[in-house]
Structure formats: C-alpha cells, structure tokens
Protein chains: 2
Amino acid sequence: MPGVQTPTLRDVADAAGVHPATASRALNPATRGLVNADTARRVIKVAESLGYRPNPIARGLKTAKSGTVGLVIPDLTNPLFPPIVRGIEDVLEPAGYSGLIVNTDNDPSRERAQIETLRSRQVEGFIVATALLDHPLLDQLRREGVPMVMVNRRPDGLDVPSITPDDAAGVELAVRHLAELGHRRIAHLAGPANTSTGVIRARSFRNTVRDLGLDEDPALTATCSYWSEAAGAAALRSLLDSGAEFTAVVAGNDLIALGCYDVFAERSIECPRDVSVVGFNDMPFLDKLRPPLTTLAVPHQQIGAEAARMLLDAIRDPSRPARSVLLPLSLVVRGSTAPPGASAVE
Amino acid sequence: MPGVQTPTLRDVADAAGVHPATASRALNPATRGLVNADTARRVIKVAESLGYRPNPIARGLKTAKSGTVGLVIPDLTNPLFPPIVRGIEDVLEPAGYSGLIVNTDNDPSRERAQIETLRSRQVEGFIVATALLDHPLLDQLRREGVPMVMVNRRPDGLDVPSITPDDAAGVELAVRHLAELGHRRIAHLAGPANTSTGVIRARSFRNTVRDLGLDEDPALTATCSYWSEAAGAAALRSLLDSGAEFTAVVAGNDLIALGCYDVFAERSIECPRDVSVVGFNDMPFLDKLRPPLTTLAVPHQQIGAEAARMLLDAIRDPSRPARSVLLPLSLVVRGSTAPPGASAVE
DNA sequence: GACATTGCTGCAATCGACTGCACAAACCGC
DNA sequence: GCGGTTTGTGCAGTCGATTGCAGCAATGTC
C-alpha cells in the first residue's frame, strides 16, 4: 500500500459532514465569522486530526498570492549577506512566507534574468540588496506597483523604502575614536564611487575630519575600485607611494582593511604602532586577526529582519508610503587602533 | 491605466488562432511532436512576442510539481553553508528549480516543523545538511519515497544518497604532513562524538598515526562537545592541564583550531614554534590569521552542486539507486605548521 | 399568520495550465 | 471509392482552494 495521500480540503469537508466551501471558510480566520461557531470548531478539529495542510499552490492559483518573496543579492558567499538573509527568513517564516534567493554576481543582465524568473514564479515582492541594480529595471518594478524594499543601499531619488546602516554616523564614530587617540592625519580608503555606501562614507569622513578640526588633505583619500582585499591593498600602496603621511586609516569596509594588513606585511609596517586601522562591518573572526581589527559592528540580522517586516507591510498595504530606516552602528574597539607611535610612516 | 496583465496561455492561443490545448502542447518541448511543426513555430513566436511566461503555480497544481526543493541547514550564518547553498543554487537555477532554505538551529522540533512546512509547500525533494536530524523523520520521508540527498554527513544504515568530503583522506593528509615535518607526538581535538564527521575524522586520525608508526597515545585525543571555538579551547586546555606532551594538533575543524589560538594567547604558547596546528574546512580569511592557519580545503561549492545534481536525478527517476560520493580534499599549507621547535610544550 | 430579516451553508464558477479522449481531415492501398 | 490508418486539433474535465451568489431555515415584526 502506497503512502496515504495528504488530505485535501474536500477530505476534511467530507469527514466533517460539510461542504468544502464551508470547510474553507471555517479554516480561514478571516472568513470564520461567516460560519456557525460550532461548525467551525468541528471542522477545525477534523482538520487537525487528519493532519490537513492547505496546499499553497492551489491557494495561490486562486488568490494570485504565492507566499514567496524574492531575495536579490550579489553573492551569498560574501559574508555580509548570510546574516541578512537569516534575519529575513526569521521574519518571513512565522508569517507564512518563504524567500527565494538569487545571486546576481553584480551582472546586470544576469540580474535582469533572475528578476524575470522570480516574477514568473509570482513572488509577491522583492528585497534587493545589490549595489548595481540599474535604475530602469527598478523603476519599472516600482511603476508596476511591485512591493520592494532595498537593503544596504539608499535609492537616490527613487520612492522605495530602504533599510541601511547609518553609515555616516559609523564613519563619524571611527574618526572620532582615532581623534581621541591623538591621530590628526587620517587617511581614508573609500569604497567604489558608484556605490551609494562608498560615497556616503567618504562624505561623512570629510565632514567629520573638518568638524573635529583634523588635517584636511585630499591627498589622504584614495578610492578603491572594488570592495575587495586586492583593491584595498592597491589603494593603500598608491597612498604610500605618493608620499602622503598619516598615522591612521579608515577603511571603506573590512575587506579593504584586510588588504591593508597585506600591505603592512609587505612593507614591514607594524600595526598599530606605525598605523592604526579601522574597518567596517565586523565580519566574523576579525577578532582572530593579529592585531584584532577595530571595526564598526553592523546589525546585519536586524537589518534583514526589519527589511522583511517592511516588505510584508508593503504587501499587505501597497498604498503605505515608503519609509526609510537607518540603523545605528556600534564601534568595536580592538587591537588595530592605538595612539600614534613614536615612529611615523615612511 | 494599470500595468498590463502578464499574458496567459489563453492569450497566446487567441493571438495565434489556436486552442489553448494546442498552444500548451506547442510550448512544451515534450509534447511538441504532437503538433504540426508550422503551428508550433507560430505559437512559439507569438508567445515570445507577447512575453509569455508559464505560470508555475498553475502548472504545479496540475502536475503536482512545484519546481522547488527544500534546503535544510542548521544555520546559514555558519560560514560552512553559504558556499554549499551557492553551489546548489547554481545547479538548480538553470534546471528551472529554486531552493527554499530553512534554518533548524539544530533543534529537532523546529526541524520537524520546518520540514512539515516545506512539504506543505510541495517541495519535490530535500537536500539535508543538518547533523542531528533524527532518524524516524528521515526514515519516514524515505519510506514515502520523497527524493532526498544528504550533505556533509553519511547516513549510517540508511539508503540515502550523500555527498561528503573525504574526511578520512583529509585527516590522513594532515597527519602525514605533520609527520613529514618531523612531528611524532600529535594530538587530536576531535569533533562531537554524535556527529558522523567527528567520528570518522577521529578514526582516521588513529589509523594514520598507527600506519605511520607515530606515537600512539589515547591521552593525546580530546573530544569537543561542540564544533565551536569555545569547545576547542576547552579541549585544548584539558589536554595541556593533563600534562600530555605533544608538538602538533590536528583540530576537528577550523573553529576548534581557532579556539586553540585563544589558548595559545592565554598561555603564551607560540605557534608554530611550540605547537603546530592544522584546521579543517578552510573557512574564508584564515590566511589573515597570525600565523595563517594550515587547513584542509573542502570544495564546498562543488559539494553543493553535486548534491543538487543528484537530487535532480532522483526527482527525475525515483527508482535510481542511492549513490554516495566522496569528494577529495586538498591540504593548504600555511604558517601554523612547522618542524617541531627547540622548546617543547611544557 | 404573512412577510421581512438575519445567519448559515451549499452551489458552481474560477484561477492557469495540462491531458485523455473524441473527432475531423488527409492520406493510404487496393 | 471504400475501409483503415495517421496526424493534428479541439473539447472538456482536472488539480485544490476560494468566493459571489443563491437558497433555506430560523427568527423577528406587526
């Protein structure tokens, strides 16, 4: 004998002696009021005893709701994203939703195709965490009224809700920390200029340096072409080669800071004696580095959770106005920052 | 004017002047042969020009196929899993499938509920990467003929296909490497005894030590209660406190090895001069540690990809016999291993 | 006691794609 | 020119749950 088929609504209705329509109404909290309380109770009990589980596919066909949302990220392998995804899932799941993840690898055409696939799968909304999403696509989704939330990136001029860490405040924390240690000539290895994050952090760096009365010197900023160790290393090398003098570095993110570590090893610069470094993101295991990296802790999981909540809100009430949330960061002070040592760089 | 509705099969059929049934057959490669070649061509062209995308929900209702599979993992936040998931998605996506991820946190009741949810979502199969899945549940799925593949874990006595790294060969590589450096007293910090991985690695450790004629001493093995830094540190402390003498440690995995680094710092033991350490998994950024950790590189992404391929095979042909695959590892030699130094540990 | 109201339940259509079956047209050979 | 195939297409039912509408009984009103 083959396994028992999972029971359908009809089975429940038959067992309870009612019509499927009645069973449907009894089981759905929103329509339960239409059914006699006793009948409803009976149906519910029967449903439980049979182990009935509504088939979301069938339901989705009629209601045009799939109970899924699309998660568009560049690459799950980047340690930034797993906690975000985890936070998202933790909110979606109790709400009866699931997330469908796609990796775009920051390839616009791939991204377009992926989004197309997700749409054909009838996702009810998107959480977009890619930096390079081209606006036409975004615009189009927006115009069609597809619910959407952006993560880690503020849409400029676009009416889309977003959840981002408070990058500006974070950079300010970092610079202030270095200033309190006594640093006056602080360099910045900025993230790519075509990412909102990179631009915002760089601007905040400039502002904070000015506000605190530190040495303002454009020559102390280098811009990385990618968010990567290699790019960070290259940027630091160019800064050193240019003869610029500084006693501390604010890196655009942790990967860029890791690139600095490589250059330190290359040129026997000792951190933090010769140069202090601050990262950004607090990736896992940074405390195991030598020296442990001072960095800004971003509440990634919370960001994901908040994004999911906002998306669910938007799905339930599409007319709800777009709201953007900045989440506060905290500075994690570790061994890579210290007062400027006796010997300066170079 | 609201956005144009996405076209349905009926729209395509009307536009092509045929019956929806004919359009369906023309669009489906498997049934296309039933349709006149000219008609088929015409339908396909119309479908393309309208931008028709079949609705997988509607299709799934009739065919009882959802185009989704369940990915059951303990915690996406564990750096082990993202590359595996990525490998899985990379295979599923071109096949028209999507993965639904659930995190069990190694909680059996949560796991049960999650799997139930996935089943009600009509997933066509499972890729299971949790260590603690209780057998009754597994057995039941198996009996009901639900396609399933296990990852990172060999099912003992269960007729389920699995993809695992060749743990035994990996440990052998590690021990052999240390032996070649001149180590004779090598300790092992084994993973939990209730995980197949922990047991297999420990057994291989014993075997290799014997085969190479190194010092066999049960006092040189400590078992960790979890795969974590804290447990690794605790195990190493207990080994040191017991007065055991050794010049190298084979850690059950990288986290346990990281725990060793903490203990080294605590007790001013210098690695690798005093003790060499080998990890397992090659998590990201281990090369940034001081000293960089020698470890075994596991082809996680490849494991995921292979698992997905096997699952798709099983879905297409459920009668296909269960096959288990061992993937080879490679030793990544970095700075944490060296010939035993002048001064031995305590 | 006639009639309106309320409350509950059943009927049947619907969502979009798939598919077994029937049927028409074309084609075949003799 | 007639039975007998192919070949191609259409019809209609199906998957499982939802929902507008109709109908029926109980209750209320005068």
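Note that this is a predicted model, so its numbers are computed, not measured. Throughout, a chain's letter reflects where its sequence line sits, starting with A, and its residues are numbered from 1.
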Pick one: which of A/Ile127, A/Val151, A/Thr104 meets side chain to side chain contact (heavy atoms under 4.5 Å, CB included) with A/Val72? A/Thr104

Could you state the atom-to-atom distance from CZ of B/Arg10 to C1' of C/dG16 in whole Å? 9 Å

Give the rounded distance in Å between these two atoms: NE2 of B/His19 and P of C/dT19. 15 Å

Here the gap from B/Arg119 atom CZ to B/Gln114 atom CD, rounded to the nearest 0.5 Å, amounts to 15.0 Å

Minimum heavy-atom distance A/Pro74-A/Thr130, with the two atoms named: N-CG2, 3.8 Å

Taking only the side-chain nitrogens and oxygens of B/Thr8, find out if one of them lies under 4.0 Å from OP1 or OP2 of C/dG16. no

Any donor-acceptor pair under 3.5 Å linking the side-chain atoms of A/Gln140 with those of A/Glu144? yes

Taking side-chain contact (heavy atoms from CB on, under 4.5 Å) as the definition, give me every residue that meets it alongside A/Ala16, ordered by chain and number, with sequence neighbours left out. A/Val18, A/Arg42, A/Val43, A/Val46

For a quick check of understanding: with a heavy-atom distance under 4.0 Å over all strands, which category does B/Ser24 fall into, base, sugar-phosphate or nothing? base

Go through the side-chain N and O atoms of B/Ser98 and A/Arg121 and say whether any donor and acceptor fall under 3.5 Å apart. yes

Need one value for B/Leu9: base, sugar-phosphate or nothing, where a base atom within 4.0 Å counts as base even if backbone is also close, heavy atoms only. sugar-phosphate

Heavy-atom contacts under 4.0 Å between residues 27-39 of chain A and DNA chain C, which residues? A/Leu34, A/Val35, A/Asn36, A/Thr39

Strictly below 4.0 Å, heavy-atom distances to any atom of DNA chain C: list the hits from residues 48-69 of chain A, or just say none. A/Leu61, A/Lys62

I'd like to know if the side chain of A/Asp107 and the backbone of A/Arg110 have a donor-acceptor N/O pair within less than 3.5 Å. yes

Any side-chain heavy-atom pair of A/Thr22 and A/Val35 under 4.5 Å: yes

Residues B/Asp38, B/Arg41: salt bridge by 4.0 Å N-O rule: yes

Can you pull every protein N or O that's under 3.5 Å from an N or O on nucleotides 20-23 of chain C?
| residue | atom | partner | partner atom | Å |
| --- | --- | --- | --- | --- |
| C/dG20 | O6 | B/Arg25 | NH1 | 3.4 |

Just the atom pairs and distances: protein N or O near nucleotides 22-27 of chain D's N or O, under 3.5 Å.
none

Just checking B/Arg10: does its CZ atom have more than 12 heavy atoms from other residues, nucleotides or ligands closer to it than 6.0 angstrom? no

Check: A/Ser66/A/Thr68 side-chain N/O donor and acceptor closer than 3.5 Å: yes

Side-chain donor/acceptor pairs under 3.5 Å, residues 88-97 of chain B, sequence neighbours excluded:
| residue | atom | partner | partner atom | Å |
| --- | --- | --- | --- | --- |
| B/Asp90 | OD1 | B/Arg86 | NE | 3.2 |
| B/Asp90 | OD2 | B/Gln301 | NE2 | 3.4 |
| B/Tyr97 | OH | B/Glu124 | OE1 | 2.9 |

Looking just at side-chain N and O atoms, do A/Thr164 and A/Ser162 make a donor-acceptor pair shorter than 3.5 Å? no

